Protein chains: 2
Amino acid sequence: MMGVMTTRAESAAATRRALLDAAAELLDLGGPEAVTLREVGARAGVTRGAPYRHFTGKDSLLTAVAAESWERIGDQVHALRTDPALSASEKLRGALRALIDVSRNQPHLYQVLFRRRAKLPGQLGDGMDRIRRQLCGPEGDPAVADRAAERFQDEFLDIVAALVGERNARHYGALLLTSAHGIAGMELSGHLDTDRWHTTADELVGTLVRMVTEAGEMA
Amino acid sequence: MMGVMTTRAESAAATRRALLDAAAELLDLGGPEAVTLREVGARAGVTRGAPYRHFTGKDSLLTAVAAESWERIGDQVHALRTDPALSASEKLRGALRALIDVSRNQPHLYQVLFRRRAKLPGQLGDGMDRIRRQLCGPEGDPAVADRAAERFQDEFLDIVAALVGERNARHYGALLLTSAHGIAGMELSGHLDTDRWHTTADELVGTLVRMVTEAGEMA
DNA sequence: ATCATACAGTTGACAGCGTCATCTGAACCG
DNA sequence: CGGTTCAGATGACGCTGTCAACTGTATGAT
(Lines give C-alpha, C1' and ligand atoms only; values in the text may rest on other atoms or scores of the structure.)
Protein backbone atom coordinates (compact mmCIF):
# COMPACT_ATOMS: atom_id res chain seq x y z
CA MET A 1 0.00 0.00 0.00
CA MET A 2 1.44 3.28 1.04
CA GLY A 3 4.82 3.92 2.60
CA VAL A 4 6.24 0.91 4.40
CA MET A 5 6.48 1.04 8.17
CA THR A 6 9.76 -0.36 9.32
CA THR A 7 10.76 1.09 12.65
CA ARG A 8 8.71 0.23 15.70
CA ALA A 9 8.33 3.86 16.71
CA GLU A 10 6.82 4.75 13.36
CA SER A 11 4.41 1.85 13.51
CA ALA A 12 3.35 2.69 17.03
CA ALA A 13 2.87 6.36 16.19
CA ALA A 14 0.76 5.41 13.18
CA THR A 15 -1.37 3.11 15.31
CA ARG A 16 -1.84 5.77 17.95
CA ARG A 17 -2.91 8.22 15.28
CA ALA A 18 -5.32 5.71 13.75
CA LEU A 19 -6.79 5.03 17.18
CA LEU A 20 -7.35 8.72 17.83
CA ASP A 21 -8.92 9.22 14.41
CA ALA A 22 -11.21 6.23 14.80
CA ALA A 23 -12.25 7.36 18.27
CA ALA A 24 -12.99 10.87 17.02
CA GLU A 25 -15.04 9.51 14.15
CA LEU A 26 -17.08 7.19 16.36
CA LEU A 27 -17.55 9.99 18.85
CA ASP A 28 -19.01 12.20 16.14
CA LEU A 29 -21.29 9.45 14.93
CA GLY A 30 -22.76 8.16 18.15
CA GLY A 31 -21.32 9.87 21.18
CA PRO A 32 -19.04 8.49 23.89
CA GLU A 33 -21.16 5.36 24.21
CA ALA A 34 -20.44 4.50 20.59
CA VAL A 35 -16.70 4.79 21.16
CA THR A 36 -16.00 1.13 21.79
CA LEU A 37 -12.45 0.01 22.26
CA ARG A 38 -13.23 -3.01 20.10
CA GLU A 39 -14.64 -0.90 17.29
CA VAL A 40 -11.90 1.70 17.64
CA GLY A 41 -9.32 -1.04 17.38
CA ALA A 42 -11.04 -2.61 14.40
CA ARG A 43 -11.14 0.69 12.52
CA ALA A 44 -7.49 1.24 13.36
CA GLY A 45 -6.62 -2.21 12.09
CA VAL A 46 -5.77 -3.68 15.48
CA THR A 47 -7.63 -5.67 18.11
CA ARG A 48 -9.41 -4.71 21.27
CA GLY A 49 -6.40 -4.90 23.56
CA ALA A 50 -4.11 -2.72 21.49
CA PRO A 51 -5.42 0.65 22.73
CA TYR A 52 -4.17 -0.23 26.19
CA ARG A 53 -0.60 0.04 24.84
CA HIS A 54 -1.24 3.73 24.06
CA PHE A 55 -3.85 4.80 26.59
CA THR A 56 -4.67 3.66 30.09
CA GLY A 57 -8.25 3.02 29.07
CA LYS A 58 -11.30 4.34 27.28
CA ASP A 59 -11.48 7.49 29.35
CA SER A 60 -7.86 8.26 28.59
CA LEU A 61 -8.54 7.85 24.89
CA LEU A 62 -11.47 10.25 24.97
CA THR A 63 -9.41 12.72 26.98
CA ALA A 64 -6.72 12.60 24.31
CA VAL A 65 -9.32 13.27 21.63
CA ALA A 66 -10.53 16.25 23.62
CA ALA A 67 -6.96 17.51 24.02
CA GLU A 68 -6.37 17.46 20.27
CA SER A 69 -9.65 19.25 19.68
CA TRP A 70 -8.77 21.95 22.21
CA GLU A 71 -5.45 22.45 20.46
CA ARG A 72 -7.25 22.78 17.13
CA ILE A 73 -9.67 25.35 18.55
CA GLY A 74 -6.78 27.18 20.18
CA ASP A 75 -5.00 27.43 16.83
CA GLN A 76 -8.18 28.70 15.23
CA VAL A 77 -8.65 31.45 17.80
CA HIS A 78 -4.96 32.32 17.64
CA ALA A 79 -5.31 32.84 13.90
CA LEU A 80 -8.27 35.10 14.53
CA ARG A 81 -6.44 37.14 17.17
CA THR A 82 -3.39 37.75 15.00
CA ASP A 83 -5.36 38.57 11.86
CA PRO A 84 -4.70 42.28 11.16
CA ALA A 85 -7.66 42.48 8.80
CA LEU A 86 -10.19 41.94 11.59
CA SER A 87 -11.53 44.43 14.09
CA ALA A 88 -11.51 43.62 17.78
CA SER A 89 -15.24 43.09 17.72
CA GLU A 90 -15.00 40.76 14.75
CA LYS A 91 -12.29 38.76 16.47
CA LEU A 92 -14.47 38.34 19.53
CA ARG A 93 -17.48 37.32 17.54
CA GLY A 94 -15.35 34.89 15.57
CA ALA A 95 -13.92 33.27 18.67
CA LEU A 96 -17.37 32.74 20.15
CA ARG A 97 -18.63 31.41 16.87
CA ALA A 98 -15.73 28.98 16.72
CA LEU A 99 -16.98 27.41 19.93
CA ILE A 100 -20.61 27.36 18.88
CA ASP A 101 -19.64 25.85 15.53
CA VAL A 102 -18.14 22.88 17.32
CA SER A 103 -21.32 22.41 19.33
CA ARG A 104 -23.29 22.43 16.07
CA ASN A 105 -21.06 20.36 13.83
CA GLN A 106 -19.66 17.98 16.45
CA PRO A 107 -22.10 18.05 19.35
CA HIS A 108 -20.79 14.88 20.97
CA LEU A 109 -17.23 16.13 20.82
CA TYR A 110 -18.37 19.42 22.33
CA GLN A 111 -19.81 17.63 25.34
CA VAL A 112 -16.58 15.73 25.82
CA LEU A 113 -14.67 19.01 25.71
CA PHE A 114 -16.63 20.23 28.72
CA ARG A 115 -16.71 17.03 30.71
CA ARG A 116 -16.12 17.61 34.37
CA ARG A 117 -12.47 17.26 35.35
CA ALA A 118 -12.19 16.64 39.06
CA LYS A 119 -14.62 14.01 40.17
CA LEU A 120 -15.43 13.26 43.74
CA PRO A 121 -15.44 9.76 45.24
CA GLY A 122 -18.93 9.59 46.68
CA GLN A 123 -20.37 6.74 48.69
CA LEU A 124 -21.52 3.79 46.67
CA GLY A 125 -21.10 0.31 48.04
CA ASP A 126 -21.02 -3.31 46.93
CA GLY A 127 -20.07 -3.95 43.32
CA MET A 128 -19.75 -0.33 42.35
CA ASP A 129 -15.96 -0.40 42.31
CA ARG A 130 -15.97 -0.08 38.54
CA ILE A 131 -17.73 3.26 38.77
CA ARG A 132 -15.51 4.47 41.59
CA ARG A 133 -12.30 3.64 39.77
CA GLN A 134 -13.62 5.22 36.63
CA LEU A 135 -14.51 8.35 38.56
CA CYS A 136 -11.40 8.80 40.68
CA GLY A 137 -8.78 6.72 38.92
CA PRO A 138 -5.75 8.09 37.13
CA GLU A 139 -7.46 8.72 33.82
CA GLY A 140 -4.76 9.06 31.22
CA ASP A 141 -3.27 12.52 31.31
CA PRO A 142 -5.98 15.12 31.77
CA ALA A 143 -3.22 17.67 32.30
CA VAL A 144 -2.59 17.75 28.56
CA ALA A 145 -6.22 18.48 27.81
CA ASP A 146 -6.32 21.06 30.56
CA ARG A 147 -3.29 22.85 29.18
CA ALA A 148 -4.74 22.87 25.68
CA ALA A 149 -8.02 24.27 26.98
CA GLU A 150 -6.15 26.95 28.93
CA ARG A 151 -4.23 27.92 25.81
CA PHE A 152 -7.55 28.57 24.11
CA GLN A 153 -8.69 30.58 27.11
CA ASP A 154 -5.52 32.70 26.98
CA GLU A 155 -6.01 33.49 23.32
CA PHE A 156 -9.62 34.35 23.99
CA LEU A 157 -8.64 36.51 26.95
CA ASP A 158 -6.27 38.55 24.80
CA ILE A 159 -9.05 39.23 22.30
CA VAL A 160 -11.36 40.41 25.05
CA ALA A 161 -8.63 42.56 26.59
CA ALA A 162 -8.20 44.40 23.30
CA LEU A 163 -11.88 45.25 23.41
CA VAL A 164 -12.67 46.13 27.03
CA GLY A 165 -9.21 46.83 28.39
CA GLU A 166 -6.84 44.77 30.45
CA ARG A 167 -8.48 45.74 33.71
CA ASN A 168 -11.89 44.19 33.04
CA ALA A 169 -10.76 41.57 30.57
CA ARG A 170 -10.93 38.63 32.93
CA HIS A 171 -14.35 39.38 34.37
CA TYR A 172 -15.98 40.15 31.04
CA GLY A 173 -14.03 37.41 29.32
CA ALA A 174 -15.43 34.90 31.76
CA LEU A 175 -18.90 36.30 31.24
CA LEU A 176 -18.62 36.08 27.47
CA LEU A 177 -17.16 32.59 27.49
CA THR A 178 -19.60 31.09 29.97
CA SER A 179 -22.56 32.73 28.26
CA ALA A 180 -21.54 31.52 24.84
CA HIS A 181 -21.04 28.08 26.32
CA GLY A 182 -24.54 28.20 27.75
CA ILE A 183 -26.04 29.36 24.48
CA ALA A 184 -24.27 26.54 22.67
CA GLY A 185 -25.28 24.01 25.30
CA MET A 186 -28.94 24.89 25.39
CA GLU A 187 -29.16 25.00 21.63
CA LEU A 188 -27.49 21.61 21.57
CA SER A 189 -29.81 20.08 24.15
CA GLY A 190 -32.87 21.42 22.38
CA HIS A 191 -33.90 23.74 25.20
CA LEU A 192 -33.36 26.88 23.13
CA ASP A 193 -36.45 26.58 21.00
CA THR A 194 -36.78 29.42 18.50
CA ASP A 195 -40.58 29.34 18.49
CA ARG A 196 -40.65 29.66 22.24
CA TRP A 197 -37.97 32.27 22.79
CA HIS A 198 -38.42 34.23 19.56
CA THR A 199 -34.66 34.45 19.17
CA THR A 200 -31.68 32.47 17.96
CA ALA A 201 -28.28 31.60 19.28
CA ASP A 202 -26.64 34.05 16.91
CA GLU A 203 -28.90 36.89 17.99
CA LEU A 204 -28.11 36.14 21.61
CA VAL A 205 -24.38 36.22 20.93
CA GLY A 206 -24.84 39.54 19.14
CA THR A 207 -26.70 41.06 22.06
CA LEU A 208 -24.17 39.67 24.48
CA VAL A 209 -21.18 41.13 22.65
CA ARG A 210 -22.91 44.49 22.28
CA MET A 211 -23.80 44.69 25.96
CA VAL A 212 -20.35 43.73 27.13
CA THR A 213 -18.70 46.13 24.68
CA GLU A 214 -20.79 49.02 25.95
CA ALA A 215 -20.20 48.08 29.57
CA GLY A 216 -16.48 47.73 28.93
CA GLU A 217 -16.22 51.15 27.29
CA MET A 218 -17.87 52.81 30.26
CA ALA A 219 -15.44 51.31 32.75
CA MET B 1 -43.11 -3.59 58.65
CA MET B 2 -44.80 -0.34 57.72
CA GLY B 3 -48.26 -0.01 56.24
CA VAL B 4 -49.45 -3.14 54.55
CA MET B 5 -49.76 -3.07 50.76
CA THR B 6 -52.82 -4.93 49.71
CA THR B 7 -54.04 -3.68 46.35
CA ARG B 8 -51.92 -4.24 43.29
CA ALA B 9 -52.08 -0.60 42.26
CA GLU B 10 -50.69 0.53 45.61
CA SER B 11 -47.88 -1.95 45.45
CA ALA B 12 -46.97 -0.97 41.90
CA ALA B 13 -47.05 2.73 42.73
CA ALA B 14 -44.82 2.14 45.73
CA THR B 15 -42.36 0.18 43.61
CA ARG B 16 -42.29 2.88 40.95
CA ARG B 17 -41.64 5.48 43.62
CA ALA B 18 -38.86 3.37 45.13
CA LEU B 19 -37.31 2.89 41.69
CA LEU B 20 -37.31 6.63 41.03
CA ASP B 21 -35.84 7.39 44.44
CA ALA B 22 -33.13 4.76 44.05
CA ALA B 23 -32.27 6.01 40.57
CA ALA B 24 -32.05 9.60 41.79
CA GLU B 25 -29.83 8.58 44.68
CA LEU B 26 -27.47 6.58 42.48
CA LEU B 27 -27.43 9.40 39.96
CA ASP B 28 -26.30 11.83 42.65
CA LEU B 29 -23.64 9.44 43.88
CA GLY B 30 -22.00 8.38 40.66
CA GLY B 31 -23.71 9.84 37.61
CA PRO B 32 -25.76 8.09 34.94
CA GLU B 33 -23.19 5.31 34.62
CA ALA B 34 -23.76 4.39 38.25
CA VAL B 35 -27.50 4.11 37.70
CA THR B 36 -27.64 0.39 37.09
CA LEU B 37 -31.00 -1.25 36.64
CA ARG B 38 -29.76 -4.11 38.77
CA GLU B 39 -28.68 -1.80 41.58
CA VAL B 40 -31.78 0.37 41.25
CA GLY B 41 -33.91 -2.73 41.51
CA ALA B 42 -31.97 -4.00 44.49
CA ARG B 43 -32.35 -0.71 46.36
CA ALA B 44 -36.05 -0.72 45.54
CA GLY B 45 -36.40 -4.27 46.83
CA VAL B 46 -37.02 -5.86 43.45
CA THR B 47 -34.88 -7.58 40.84
CA ARG B 48 -33.28 -6.37 37.64
CA GLY B 49 -36.24 -7.04 35.40
CA ALA B 50 -38.83 -5.21 37.45
CA PRO B 51 -38.05 -1.69 36.20
CA TYR B 52 -39.17 -2.77 32.73
CA ARG B 53 -42.73 -3.02 34.09
CA HIS B 54 -42.64 0.73 34.86
CA PHE B 55 -40.22 2.15 32.28
CA THR B 56 -39.24 1.11 28.81
CA GLY B 57 -35.58 1.02 29.82
CA LYS B 58 -32.78 2.80 31.59
CA ASP B 59 -33.09 5.92 29.49
CA SER B 60 -36.77 6.15 30.25
CA LEU B 61 -36.03 5.88 33.96
CA LEU B 62 -33.49 8.69 33.85
CA THR B 63 -35.89 10.82 31.83
CA ALA B 64 -38.54 10.28 34.51
CA VAL B 65 -36.06 11.37 37.18
CA ALA B 66 -35.31 14.48 35.15
CA ALA B 67 -39.04 15.19 34.75
CA GLU B 68 -39.59 15.10 38.50
CA SER B 69 -36.62 17.36 39.05
CA TRP B 70 -37.90 19.87 36.51
CA GLU B 71 -41.27 19.88 38.25
CA ARG B 72 -39.53 20.52 41.57
CA ILE B 73 -37.52 23.41 40.10
CA GLY B 74 -40.65 24.76 38.44
CA ASP B 75 -42.45 24.79 41.79
CA GLN B 76 -39.50 26.54 43.35
CA VAL B 77 -39.46 29.31 40.75
CA HIS B 78 -43.23 29.59 40.90
CA ALA B 79 -42.96 30.22 44.64
CA LEU B 80 -40.38 32.90 43.95
CA ARG B 81 -42.50 34.58 41.30
CA THR B 82 -45.59 34.77 43.46
CA ASP B 83 -43.79 35.94 46.58
CA PRO B 84 -44.99 39.51 47.22
CA ALA B 85 -42.09 40.19 49.57
CA LEU B 86 -39.51 39.99 46.78
CA SER B 87 -38.56 42.61 44.24
CA ALA B 88 -38.47 41.76 40.56
CA SER B 89 -34.70 41.78 40.63
CA GLU B 90 -34.59 39.51 43.64
CA LYS B 91 -36.96 37.11 41.96
CA LEU B 92 -34.76 36.94 38.89
CA ARG B 93 -31.60 36.43 40.88
CA GLY B 94 -33.35 33.75 42.92
CA ALA B 95 -34.52 31.89 39.84
CA LEU B 96 -31.04 31.86 38.36
CA ARG B 97 -29.60 30.79 41.68
CA ALA B 98 -32.09 27.93 41.85
CA LEU B 99 -30.61 26.52 38.66
CA ILE B 100 -27.02 27.04 39.73
CA ASP B 101 -27.74 25.46 43.09
CA VAL B 102 -28.78 22.26 41.35
CA SER B 103 -25.57 22.25 39.34
CA ARG B 104 -23.62 22.61 42.59
CA ASN B 105 -25.51 20.26 44.86
CA GLN B 106 -26.54 17.66 42.29
CA PRO B 107 -24.13 18.04 39.36
CA HIS B 108 -24.95 14.70 37.80
CA LEU B 109 -28.66 15.40 37.94
CA TYR B 110 -28.03 18.80 36.38
CA GLN B 111 -26.34 17.21 33.41
CA VAL B 112 -29.25 14.84 32.94
CA LEU B 113 -31.64 17.81 33.02
CA PHE B 114 -29.88 19.26 30.00
CA ARG B 115 -29.30 16.09 28.04
CA ARG B 116 -29.99 16.52 24.37
CA ARG B 117 -33.55 15.64 23.42
CA ALA B 118 -33.77 15.02 19.70
CA LYS B 119 -31.00 12.74 18.61
CA LEU B 120 -30.10 12.10 15.04
CA PRO B 121 -29.53 8.64 13.52
CA GLY B 122 -26.06 9.00 12.12
CA GLN B 123 -24.15 6.39 10.15
CA LEU B 124 -22.57 3.64 12.18
CA GLY B 125 -22.47 0.17 10.83
CA ASP B 126 -21.99 -3.44 11.96
CA GLY B 127 -22.87 -4.22 15.55
CA MET B 128 -23.75 -0.69 16.51
CA ASP B 129 -27.49 -1.31 16.56
CA ARG B 130 -27.56 -0.98 20.32
CA ILE B 131 -26.30 2.57 20.08
CA ARG B 132 -28.64 3.43 17.24
CA ARG B 133 -31.69 2.15 19.07
CA GLN B 134 -30.63 3.93 22.21
CA LEU B 135 -30.24 7.15 20.24
CA CYS B 136 -33.36 7.10 18.12
CA GLY B 137 -35.65 4.65 19.86
CA PRO B 138 -38.83 5.54 21.70
CA GLU B 139 -37.25 6.47 24.99
CA GLY B 140 -39.97 6.38 27.59
CA ASP B 141 -41.93 9.59 27.52
CA PRO B 142 -39.65 12.57 27.03
CA ALA B 143 -42.77 14.67 26.47
CA VAL B 144 -43.39 14.70 30.22
CA ALA B 145 -39.91 15.97 30.94
CA ASP B 146 -40.21 18.50 28.15
CA ARG B 147 -43.46 19.84 29.52
CA ALA B 148 -42.02 20.12 33.01
CA ALA B 149 -39.00 21.97 31.68
CA GLU B 150 -41.23 24.31 29.70
CA ARG B 151 -43.28 25.02 32.79
CA PHE B 152 -40.10 26.19 34.50
CA GLN B 153 -39.29 28.30 31.45
CA ASP B 154 -42.73 29.91 31.55
CA GLU B 155 -42.36 30.83 35.19
CA PHE B 156 -38.92 32.22 34.49
CA LEU B 157 -40.22 34.15 31.52
CA ASP B 158 -42.87 35.85 33.65
CA ILE B 159 -40.24 36.97 36.11
CA VAL B 160 -38.12 38.45 33.34
CA ALA B 161 -41.13 40.13 31.77
CA ALA B 162 -41.85 41.94 35.03
CA LEU B 163 -38.34 43.34 34.90
CA VAL B 164 -37.69 44.25 31.26
CA GLY B 165 -41.22 44.42 29.87
CA GLU B 166 -43.26 41.99 27.86
CA ARG B 167 -41.77 43.12 24.58
CA ASN B 168 -38.15 42.13 25.28
CA ALA B 169 -38.90 39.41 27.80
CA ARG B 170 -38.26 36.49 25.50
CA HIS B 171 -35.00 37.72 24.05
CA TYR B 172 -33.51 38.78 27.37
CA GLY B 173 -35.04 35.81 29.10
CA ALA B 174 -33.25 33.49 26.72
CA LEU B 175 -30.04 35.42 27.22
CA LEU B 176 -30.31 35.23 31.00
CA LEU B 177 -31.21 31.56 31.03
CA THR B 178 -28.57 30.42 28.58
CA SER B 179 -25.89 32.50 30.25
CA ALA B 180 -26.74 31.21 33.69
CA HIS B 181 -26.71 27.70 32.26
CA GLY B 182 -23.26 28.32 30.83
CA ILE B 183 -21.94 29.75 34.07
CA ALA B 184 -23.27 26.72 35.93
CA GLY B 185 -21.90 24.33 33.35
CA MET B 186 -18.41 25.74 33.24
CA GLU B 187 -18.21 25.95 36.99
CA LEU B 188 -19.36 22.34 37.10
CA SER B 189 -16.82 21.15 34.55
CA GLY B 190 -14.01 22.97 36.29
CA HIS B 191 -13.32 25.36 33.43
CA LEU B 192 -14.34 28.43 35.45
CA ASP B 193 -11.23 28.63 37.59
CA THR B 194 -11.35 31.52 40.05
CA ASP B 195 -7.58 32.02 40.04
CA ARG B 196 -7.53 32.27 36.28
CA TRP B 197 -10.59 34.45 35.70
CA HIS B 198 -10.45 36.50 38.89
CA THR B 199 -14.18 36.17 39.30
CA THR B 200 -16.84 33.79 40.55
CA ALA B 201 -20.08 32.38 39.22
CA ASP B 202 -22.06 34.60 41.58
CA GLU B 203 -20.26 37.74 40.44
CA LEU B 204 -20.93 36.81 36.84
CA VAL B 205 -24.63 36.33 37.53
CA GLY B 206 -24.69 39.72 39.25
CA THR B 207 -23.06 41.47 36.30
CA LEU B 208 -25.35 39.66 33.92
CA VAL B 209 -28.53 40.69 35.73
CA ARG B 210 -27.32 44.27 36.03
CA MET B 211 -26.45 44.55 32.35
CA VAL B 212 -29.74 43.04 31.21
CA THR B 213 -31.74 45.22 33.59
CA GLU B 214 -30.09 48.39 32.27
CA ALA B 215 -30.53 47.28 28.66
CA GLY B 216 -34.17 46.40 29.30
CA GLU B 217 -34.96 49.76 30.89
CA MET B 218 -33.55 51.60 27.88
CA ALA B 219 -35.73 49.71 25.42
C1' DA C 1 26.71 -12.07 13.71
C1' DT C 2 24.35 -13.35 17.85
C1' DC C 3 21.53 -13.09 21.58
C1' DA C 4 18.77 -11.03 25.28
C1' DT C 5 15.50 -7.55 25.86
C1' DA C 6 11.75 -4.35 25.29
C1' DC C 7 7.40 -3.85 23.81
C1' DA C 8 3.41 -3.34 20.30
C1' DG C 9 -0.10 -6.32 19.50
C1' DT C 10 -2.97 -10.76 20.23
C1' DT C 11 -5.73 -13.75 22.74
C1' DG C 12 -8.46 -15.76 26.55
C1' DA C 13 -11.01 -14.83 30.31
C1' DC C 14 -13.96 -12.43 33.62
C1' DA C 15 -17.48 -9.64 35.68
C1' DG C 16 -20.91 -6.41 34.80
C1' DC C 17 -24.17 -4.29 31.88
C1' DG C 18 -29.00 -3.54 29.20
C1' DT C 19 -32.48 -6.08 27.31
C1' DC C 20 -35.73 -9.59 26.03
C1' DA C 21 -38.53 -14.14 26.33
C1' DT C 22 -40.44 -16.89 29.40
C1' DC C 23 -42.45 -18.24 33.55
C1' DT C 24 -44.94 -17.66 38.19
C1' DG C 25 -48.12 -16.39 41.41
C1' DA C 26 -51.27 -13.46 43.46
C1' DA C 27 -54.59 -9.73 43.02
C1' DC C 28 -58.50 -8.66 40.12
C1' DC C 29 -63.21 -9.12 38.15
C1' DG C 30 -67.18 -11.39 35.94
C1' DC D 1 -65.55 -19.75 41.98
C1' DG D 2 -62.74 -19.74 37.77
C1' DG D 3 -60.41 -17.19 34.31
C1' DT D 4 -57.61 -13.24 33.38
C1' DT D 5 -54.41 -9.70 34.06
C1' DC D 6 -50.13 -8.13 35.30
C1' DA D 7 -46.12 -7.02 38.71
C1' DG D 8 -42.32 -9.35 39.40
C1' DA D 9 -38.67 -13.31 39.03
C1' DT D 10 -35.58 -15.77 36.31
C1' DG D 11 -32.63 -17.51 32.43
C1' DA D 12 -30.25 -16.27 28.64
C1' DC D 13 -27.82 -13.44 25.08
C1' DG D 14 -24.61 -10.31 23.26
C1' DC D 15 -22.21 -6.48 24.35
C1' DT D 16 -18.87 -3.87 27.06
C1' DG D 17 -14.14 -2.44 29.67
C1' DT D 18 -10.32 -4.45 31.62
C1' DC D 19 -6.51 -7.33 32.74
C1' DA D 20 -3.17 -11.46 32.68
C1' DA D 21 -0.68 -14.17 29.85
C1' DC D 22 1.38 -14.91 25.56
C1' DT D 23 3.72 -14.03 20.83
C1' DG D 24 6.68 -12.20 17.61
C1' DT D 25 9.60 -8.82 15.91
C1' DA D 26 12.52 -4.67 15.96
C1' DT D 27 16.08 -2.98 18.93
C1' DG D 28 20.52 -2.52 21.03
C1' DA D 29 24.47 -4.40 23.28
C1' DT D 30 27.92 -7.75 22.81
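The chains referred to below are lettered A, B, ... by the order of the sequence lines, with proteins before strands, and numbering in each begins at 1. Only a predicted model underlies this, so the values are computations on that prediction, with no experimental measurement involved.
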### Query
When the nearest nucleotide of DNA chain C is assigned to B/K58 and to B/R8 on a heavy-atom basis, which residue is associated with the more 5' position?
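Upstream on the strand: B/K58.
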Roughly, in whole Å, what's the span from [atom1] in [X] to [atom2] in [N]?
X	N	atom1	atom2	result
B/R16	D/dA7	CZ	P	12 Å
B/Y52	D/dT10	OH	P	17 Å
A/F55	D/dG17	CZ	C1'	16 Å
B/L19	D/dA9	CG	P	10 Å
A/R48	C/dA8	CZ	P	18 Å
B/E39	C/dG16	CD	P	11 Å
B/E10	D/dG8	CD	C1'	17 Å
B/R53	C/dG25	CZ	P	16 Å

#### Entry: Phosphate-side-chain proximity, A/S11 and C/dA8, N/O vs OP1/OP2 below 4.0 Å
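The answer is no; no side-chain N or O of A/S11 sits under 4.0 Å from OP1 or OP2.
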### Task
Ignoring backbone atoms, test whether A/T36 places a side-chain nitrogen or oxygen under 4.0 Å from the OP1 or OP2 oxygen of D/dT16.
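True: A/T36 side-chain N/O within range (under 4.0 Å) of D/dT16 OP1/OP2.
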### base_contact_polar (D/dG17 base, A/R38 side chain, donor-acceptor, <3.5 Å)
yes
Of [options], which meets side chain to side chain contact (heavy atoms under 4.5 Å, CB included) against [X]?
X	options	answer
B/L86	B/K91, B/R93, B/R81	B/K91
A/S60	A/T56, A/L62, A/T63	A/T56
A/L176	A/V205, A/L157, A/L163, A/L92	A/L92

### Query
Looking only at atom types and distance, does a side-chain atom of B/S69 sit under 3.5 Å from a main-chain N or O of B/V65, one as donor and one as acceptor?
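Pair absent, no side-chain N/O of B/S69 close to backbone of B/V65.
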### Task
Identify, between A/L37 and B/H54, the residue whose nearest nucleotide on DNA chain D lies closer to the 5' end.
B/H54
### Task
Please figure out whether B/A12 or A/G49 has its closest DNA chain D nucleotide nearer the 5' end.
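Taking each residue's closest nucleotide, the earlier one in sequence belongs to B/A12.
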### Query
Of all the nucleotides listed (D/dT27, D/dT10, C/dG9), which has the minimum atom distance to the side chain of B/T47?
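Between D/dT27, D/dT10, C/dG9, the one nearest the side chain of B/T47 would be D/dT10.
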### Message
Using side-chain heavy atoms (C-beta onward) and a distance below 4.5 Å, is A/E33 in contact with A/H108?
### Response
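Heavy-atom side-chain distance check fails, nothing below 4.5 Å.
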### Message
Using a 4.0 Å heavy-atom cut-off, does B/V35 contact any base of the nucleic acid, only the sugar-phosphate backbone, or nothing at all?
### Response
sugar-phosphate
